[in-house]
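What you see is a predicted model; the values in this text were computed from it and never measured. When a ligand or atom number is given, it counts from 1 through the structure's own listing order.
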Amino acid sequence: MVLRKDMFDLPEGVIYLDGNSLGALPRAAAARAQTVILDEWGQSLIRAWNSAGWMALPQTVGDRIAGLIGAQPGSVATGDTLSIKVFQALAAALRMRPDRRVILSDSGNFPSDLYMAQGLIATIGKGHELRTPAPEDVAAAIDDSVAAVMLTHVDYRTGRLHDMAAISARARAVGAVMIWDLAHSAGALPLDIAGSGAEFAVGCSYKYLNGGPGAPAFIYARPDIAETVQPALSGWLGHEAPFAMEPDYRPARAAERLRVGTPPIVQLAILDAALDVWDGVDMAELRAASIALSERFIAEVEARCPALVLASPRDPAQRGSQVSFAFEHGYAAIQALIAEGVIGDFRAPDIMRFGFTPLYLDEADVVAAAKVLERVIAERLWDNPKFRTRARVT
Ligand SMILES: *Cc1c(COP(=O)(O)O)cnc(C)c1O
């Protein structure tokens, strides 16, 4: 059984189908935040870096995330935000292939990943090119002009899943560096990053890993190449000996060199506590539960809401842990749904998006959510001016 609702502090009367965007609050995380702020920071002050083990926290948490993504201990560094980790992985990859000029991604990738690539290309100024074919055309576009293949495993908009093993093998065959973004994969499905052979993987911890808003990101570097990586953001905490205060940068060992500055201790402590909910979770069981929930939701919604068109792959083996429907009035419909206690989200231009988190959602929740959605659509509850004004976050 993977359901452990009791470990989460969910608001009464809310069905939360947005854990793919911001995971729910684990009860232990709130308690840990209180301790780290009041006892450790408040009472121990700067002594807590040593006495409360703050300095070890980035690595402890990195090893716990490694366990969830199929990576080796010591191969995952934590900190910063995902956008920064994308930049670091890509910058390192381009230095590893100095005579190639193509970064291959896909047109469905999350904008920030593409923006970071564009910014890096402009900063380097060596005429690199970012190619973004349709997701289904990526594999065929991997040739020996490609320096780095940079893909998000699960498409944030449609939930479409790339074939990690096949694409990684194709990249390796032509000598391209493989970078996987696991933002919508970590904590959502079983992963074998080590087995994929990819050089780098990155991800965030505030989605399925429930680390809270702005929680630290992570970066994996394949152990056999990690010590050759030349970090573009060579900050002091990625230095071999930060407190030697040497004038020249020397990279720390392995993935630790991909750390940059002072770790966000409060967020790391919250994440560390949030990761406790994964103890004893079998990822294959979690995946089976996620598929059962999403299949049930699709069946209910298609039977109840004929105006909504499935925008995710129909085959659950081709999907991550989210389901999207296209609807012309999607934004207003999501706002009306939220007003009725069912939280999903909207992604432009017309996508209503629902995430499935089997740790704190069960079948009764998804059926109840589909019934509310039916009411919102059938009774045109969305057709109300107050649901049409777009907020800053959709
Ligand atoms: C959520 C997400 C991001 C967000 O990056 P931040 O730097 O954490 O804001 C980036 N890329 C992908 C693929 C995402 O899903």
Side-chain angles (χ1 to χ4, degrees), residues 17-24 58 61-62 65 68-69 76-91 93 103-120 130 132 135 138 148-162 164 167 178-189 191 193 198 200-220 232-233 258-261 263-264 267-268 270-271 274 312 319-324 344-348 351 353-357 392-394:
L17 303 182
D18 216 358
N20 55 311
S21 200
L22 177 67
V61 170
I65 292 173
L68 290 170
I69 64 170
V76 173
T78 55
D80 315 302
T81 73
L82 175 50
S83 302
I84 289 170
K85 291 321 194 197
V86 167
F87 184 93
Q88 287 182 289
L90 198 52
I103 299 168
L104 182 68
S105 188
D106 72 42
S107 58
N109 205 348
F110 191 82
S112 199
D113 295 39
L114 301 177
Y115 301 161
M116 293 314 277
Q118 291 160 11
L120 178 63
L130 174 63
T132 55
V138 165
V149 180
M150 177 191 77
L151 294 172
T152 298
H153 183 214
V154 177
D155 188 301
Y156 77 101
R157 211 188 258 126
T158 63
R160 181 190 183 280
L161 195 59
H162 274 300
M164 182 181 284
I167 288 179
M178 184 74 230
I179 304 168
W180 285 108
D181 188 328
L182 305 178
H184 295 278
S185 314
L189 64 169
L191 294 168
I193 269 298
F200 296 100
V202 294
C204 54
S205 65
Y206 49 79
K207 292 171 180 163
Y208 295 91
L209 297 181
N210 311 309
F218 63 86
I219 184 165
Y220 159 88
L233 302 177
L258 293 167
R259 287 176 56 186
V260 182
Q267 288 275 190
L268 273 168
I270 289 173
L271 174 59
S312 296
R319 288 197 306 264
S321 201
Q322 67 180 67
V323 167
S324 299
D345 65 18
F346 173 81
R347 287 294 176 263
I351 295 292
R353 190 173 69 155
F354 304 95
F356 298 92
T357 48
R392 289 185 67 176
V393 174
T394 65

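From Cys204, atom SG reaches atom NE2 of His184 across 6.5 Å, with rounding to the nearest 0.5 Å. Taken from OH in Tyr208 to CG in Asn20, the straight-line distance is 4.5 Å, to the nearest 0.5 Å. For the atom pair CZ of Phe200 and CG of Asp181, the computed distance is 14.0 Å after rounding to the nearest 0.5 Å. Distance CE/Met116 to CG/Leu82: 9.5 Å, rounded to 0.5 Å. In this structure, Lys85 NZ and Leu233 CG are separated by 7.5 Å, a value rounded to the nearest 0.5 Å.
Judged by the 6.0 Å and 45° rule, Lys207 forms no cation-pi pair with Phe218.
For ligand 1, the atoms closer than 4.0 angstrom to any heavy atom of Ala183 are 12 (C), 13 (C), 14 (C), 15 (O). Every atom of ligand 1 is numbered from 1 in the order shown, and the set under 4.0 Å from a heavy atom of His184 is 15 (O). Against a heavy-atom cut-off of under 4.0 Å, Thr152 is close to the following atoms of ligand 1: 13 (C). Less than 4.0 angstrom separates some heavy atom of Thr81 from each of these atoms of ligand 1: 7 (O). Below 4.0 Å from some heavy atom of Asp181 lie the following atoms of ligand 1, by number and element: 11 (N), 12 (C), 13 (C). Each of the following atoms of ligand 1 lies closer than 4.0 Å to a heavy atom of Ser83: 5 (O), 6 (P), 7 (O).
Scanning the protein for heavy atoms near atom 8 (O) of ligand 1, the closest one is Tyr206 OH, 2.6 Å. Nearest non-hydrogen protein atom to atom 11 (N) of ligand 1 is Asp113 OD1, 2.6 Å.
With Phe110, Tyr115, Tyr156, Phe87 as candidates, the residue nearest to atom 3 (C) of ligand 1 on a non-hydrogen basis is Phe110.
If you check the side chains of Ser105 and Thr132, you find no donor sitting under 3.5 Å from an acceptor.
Contacts between Leu82 and ligand 1, counted as non-hydrogen atom pairs separated by less than 4.0 Å, involve both the backbone and the side chain.
Note on ring orientation: taking the six-membered ring where Trp is involved, the planes of Trp180 and His162 are tilted (angle from 30° to 60°).
Residue contact check for ligand 1: Lys207 places a non-hydrogen atom closer than 4.0 Å to it.
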